[in-house]
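Report on one structure; see the data block that follows.
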Amino acid sequence: MVRFQQWLYQTFIRSRLPFYFAIVVLLVIALLIVPLYFTFSKNLRTQITGINASLLSQIENQLDTMLKDIDRSSIKILEDADVKQFIFLSKNNLFEDVEDYQSALKKMYDKLAGEEKIHGNMIAVSLYIPGASQVVMSKFTKSIADYEDHQLLEELVASDLPSSGWLGKRLTETNYISGYAAEQEVFSFYRHLTNDGIVNDALLLINVRLDRLSGLFKNLDSEYPLGITIADESRQLIYTQAKGLDIGAYLQHASPQDDYFVSKVQSRYNLWEYGVIVPKKWLFAPMQFITKVTILLTIVVILFGLFVSMYLTKRFYRPFDALLARLKGKLPSEAQQPAQVDQLQYAFSWMMDYTEQYSKIMKDNYSVIKNKSLLDILKGNKWAGKDYVTLRLDESAAVFQVISCHCDEVSELSEQDKGLFVFAGVNIAEETVNYEGYQFETVYIDEQSFAIVFSGGDSYPEPDRFGELLEVLKQRLKLYLKYNWTIGVGNRYAEFRQIETSYRESQTALRYRIVSGNGSLIRFKDLQLYNELTLSENEWMRLKDDIMNHIRVHNEEEAYTAIRLFGEWISRHAYPNEHLNRIYYYYNSVFMELETIIFELNLNRDAIIPNVRYSIGTSHQALTITELEQLLLTCCRELILALSSQKQQARSALVQSILTYIETEYQAQHLSLESAAERFNMNPSYFGQIIKRETNKTFLQYLSYIRIQKAKELLDDHELKIQEVAEATGYGNRSTFIRVFKAQVGITPSEYRNRLMTG
């Protein structure tokens, strides 16, 4: 301590040059930096305030314009005459028949979908009619019980809120994109329709997608980081957008005004608040850089002055010589040597302990390390060094070949059980191959598959003998594990560097199980036969159209035949490599056509298409062509049954309406096939066919039958004359009535009355 004080006194007190030099440098820096800092920050603050005001004005104008457009859309929809008529008829259940209702509903779909298209799919429109308990959207109709936001709609109808207004941010699934429900963050606009000012006849709900708001602000580009916020009247955030700024950190900040410039403005359209946020840290980044550079230069100058002053004062005091002298006094003496020996023994003991621990870790995890090394060989040709891990593969072998084994049917097992299941398969494979005396290594790939890497010399078995071994292996896996295993066989190669190629070929062969079926033995070399085939887009499109046409006309037998031809065509034209996934594309295209019919006719999807994944997935989880074909046949049968049932119901209602009309209007003398068909907006020929099919009579025969039955009832009244009965049943001419009556009954009206009197 005394020596240090002496050194300090001699260096900085006795020779004051470094101290004075540092003071002068710091004063100069302070005089230069402080005024510059305040001037810069003031000008920058003024500039940013002006830019933020301009940005806020643009945001306010664009967003208010969008809100007004959406409000105008709601007024346009609710003021439309067709919409008002549809609401009135739906609420009071006044539609004449199903076709009338479907026609009016189609107009509603077009009007709502048209407004959605105008706003570029930013909004989703829903029309709720309380009296009919239904919600109409742009593509289909739902009952209020099945609608995702039914609780919100019912609360809005029953609440005392204003007749129109905006709702804050919320999560919903009412935005339909390409016919599918997608969960979205939205804010919503609602508007009531009431004719008497008391009862809400309908409620229009417009959901605005928040993820589409970024398109409004895409032109609000800036050269510095900023954030845009939109909050409702309760200060709850509706939307945020940031460029180079962590909005989450700003929202969690206790005192944002300390670290951020915040500019806000009130919307002129509603009570929302728009804000622009700029971090102060970015604004003062140039000054911080200048400050750091200045401090660094100050330190360099001070150190330079220190060494200069020490050199100038070396005739009074030699600090380096004194430092070396003190270091020499600290060197160990001979009496201290035993302590150094003890330290060496301790270090050696420590090294041995850790070596033993490392050896134990290597031993316990040898199988994992070995499997990783083998995967490196298969997937990247990274051969493990002999000192790292011992393998039974020899780089100098004459033949290398890889097969991959995949279990096709363990989806119902847990992840842990799948792993144990594959390890059992590995054990069976090793026993089988060891029995034959092959040189090999087994590699665990994933929870459903493993690979076997073969290597050998000139005595490596011929392909036929090797194929027999693989057949035995496949059968033993099926026998002991009770599941089908598909085996993919890669080609043989003479260099170890081509192990990766053989492995990839075996994996490609596995993927081709979609055509060959589960539990197959697939050789990659056999797949090359398909390379000369060419795909005909027109042919598969024609086959798909045949399937859909037969379904639409409810011809189940022809639809089944078309599906079989479709599967046969895909089996012949399937490619083993890059075109394999097109198989799923072909089948998915058919399923998408089925779903289009289901949504157009508002059928029950769950009852027609089971809840299975038929989309393109991993090759291990994919369905085979046979499974896809069976699934398509099942869906086809269910859809045809649903279409037939719907058509039968609609036809029954129509026929009943026609027959009721004839039985009611039989008294009209002008009633004819043409006038009755015009009443139902139908072609007279088709109208007559419907009556013939349902009653086995022509229109005139059925009309005459109804009139004569009514005439029999009237003839029981003896006070009515024959002419009056004829006029009451639609016959203006008495002789015509008598002729028709006699043709049907066999006697004249007078004779029929006499028999009633005597009977």
Side-chain angles (χ1 to χ4, degrees), residues 74-115 125-159 163 174 176 190-206 598-605 607 642-665 676-682 687 690 694:
S74 68
I75 297 174
K76 178 182 176 182
I77 293 173
L78 292 179
E79 291 297 327
D80 188 272
D82 291 334
V83 174
K84 285 187 174 181
Q85 182 182 11
F86 180 81
I87 292 172
F88 176 76
L89 295 177
S90 297
K91 181 178 180 181
N92 297 282
N93 195 20
L94 295 177
F95 285 104
E96 294 183 1
D97 49 43
V98 175
E99 290 186 352
D100 191 13
Y101 171 75
Q102 292 290 346
S103 176
L105 189 60
K106 180 65 170 58
K107 291 182 180 180
M108 296 302 100
Y109 291 159
D110 294 340
K111 293 182 184 299
L112 300 184
E115 291 301 322
V125 184
S126 302
L127 180 65
Y128 172 40
I129 305 173
S133 297
Q134 63 179 358
V135 181
V136 181
M137 286 159 280
S138 59
K139 294 183 181 296
F140 50 88
T141 302
K142 279 189 175 184
S143 66
I144 185 62
D146 296 332
Y147 187 66
E148 291 79 4
D149 282 342
H150 65 90
Q151 186 175 0
L152 173 65
L153 294 180
E154 292 171 347
E155 290 176 357
L156 288 175
V157 171
S159 65
S163 59
T174 57
Y176 284 85
Y190 70 90
R191 181 178 292 277
H192 292 289
L193 174 64
T194 175
N195 293 318
D196 56 7
I198 300 175
V199 178
N200 290 323
D201 297 311
L203 174 69
L204 189 72
L205 182 68
I206 300 179
I598 291 170
F599 282 116
E600 285 178 352
L601 300 180
N602 198 23
L603 301 176
N604 185 359
R605 180 189 182 279
L643 292 175
S644 300
S645 175
Q646 188 182 60
K647 183 176 180 180
Q648 183 64 33
Q649 293 174 2
R651 186 177 65 185
S652 299
L654 177 62
V655 169
Q656 187 61 41
S657 299
I658 292 174
L659 298 181
T660 301
Y661 174 75
I662 296 175
E663 294 170 1
T664 305
E665 300 295 328
E678 184 180 359
R679 168 65 179 78
F680 289 91
N681 295 321
M682 297 175 66
F687 186 82
I690 292 177
E694 295 298 326

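When a residue number appears, it is its place in the shown sequence, counting from 1. Since this is a predicted model, take the numbers as computed values, not measurements.
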* S90 and Y101: side-chain donor and acceptor closer than 3.5 Å? -> no
* Is the closest side-chain heavy-atom distance between L127 and I87 below 4.5 Å? -> yes
* Taking the side chain as every heavy atom from C-beta outward, state whether F680 and I690 have any pair of such atoms under 4.5 Å apart. => no
* Asked: Do the non-hydrogen side-chain atoms of V135 and D146 ever get within less than 4.5 Å of each other?
  -> no
* Structure fact -> What one should report as the nearest heavy-atom pair of P130 and A202 is CD-CA, 3.9 Å
* Asked: Does the side chain of Y128 reach to within under 4.5 Å of the side chain of I144, using non-hydrogen atoms?
  -> yes
* Structure fact -> Separation between CG (L156) and CG (L204), nearest 0.5 Å, reads 11.5 Å
* Spacing of R679 atom CZ and I658 atom CD1 [to the nearest 0.5 Å] -> 10.5 Å
* Would you please name every residue forming a side-chain contact (heavy atoms from CB on, under 4.5 Å) with E678, sequence neighbours left out? => none
* Structure fact -> M108 and V136 have their tightest heavy-atom pair at CB-CG1, 4.0 Å
* To do: Please report the shortest heavy-atom distance between Y147 and M137, naming the atom on each side.
  => CE1-SD, 3.8 Å
* Over all heavy atoms of both residues, which pair between H150 and A145 is shortest? Give the atoms and the distance, please. => CD2-O, 4.2 Å
* Asked: To the nearest 0.5 Å, how far apart are NZ in K84 and CG in D82?
  -> 12.0 Å
* Quick one: pull up CG in D80 and CD in E115 and give me the separation to the nearest 0.5 Å. => 9.5 Å
* Can you name the one residue among L203, L152, I206 that meets side-chain contact (heavy atoms from CB on, under 4.5 Å) with Y190? -> L203
* Separation of I77 CD1 from L193 CG (nearest 0.5 Å) -> 12.0 Å
* Asked: Can you name the salt bridge (Lys or Arg N to Asp or Glu O under 4.0 Å) partners of K91, sequence neighbours left out?
  -> D201
* Minimum heavy-atom distance F86-I129, with the two atoms named -> CE2-CD1, 3.7 Å
* **pair E148-K142: side-chain heavy atoms closer than 4.5 Å** => yes
* Got more than 12 heavy atoms from elsewhere within 6.0 Å of CD, E154? -> yes
* To do: Mind checking side-chain contact (heavy atoms from CB on, under 4.5 Å) for D110 and listing every partner two or more places apart, or none if nothing turns up?
  => K106
* To the nearest 0.5 angstrom, please state how far the NE2 atom of H192 sits from the CG atom of N200. => 5.0 Å
* Flag if over 12 foreign heavy atoms under 6.0 Å of CZ, F88 -> no
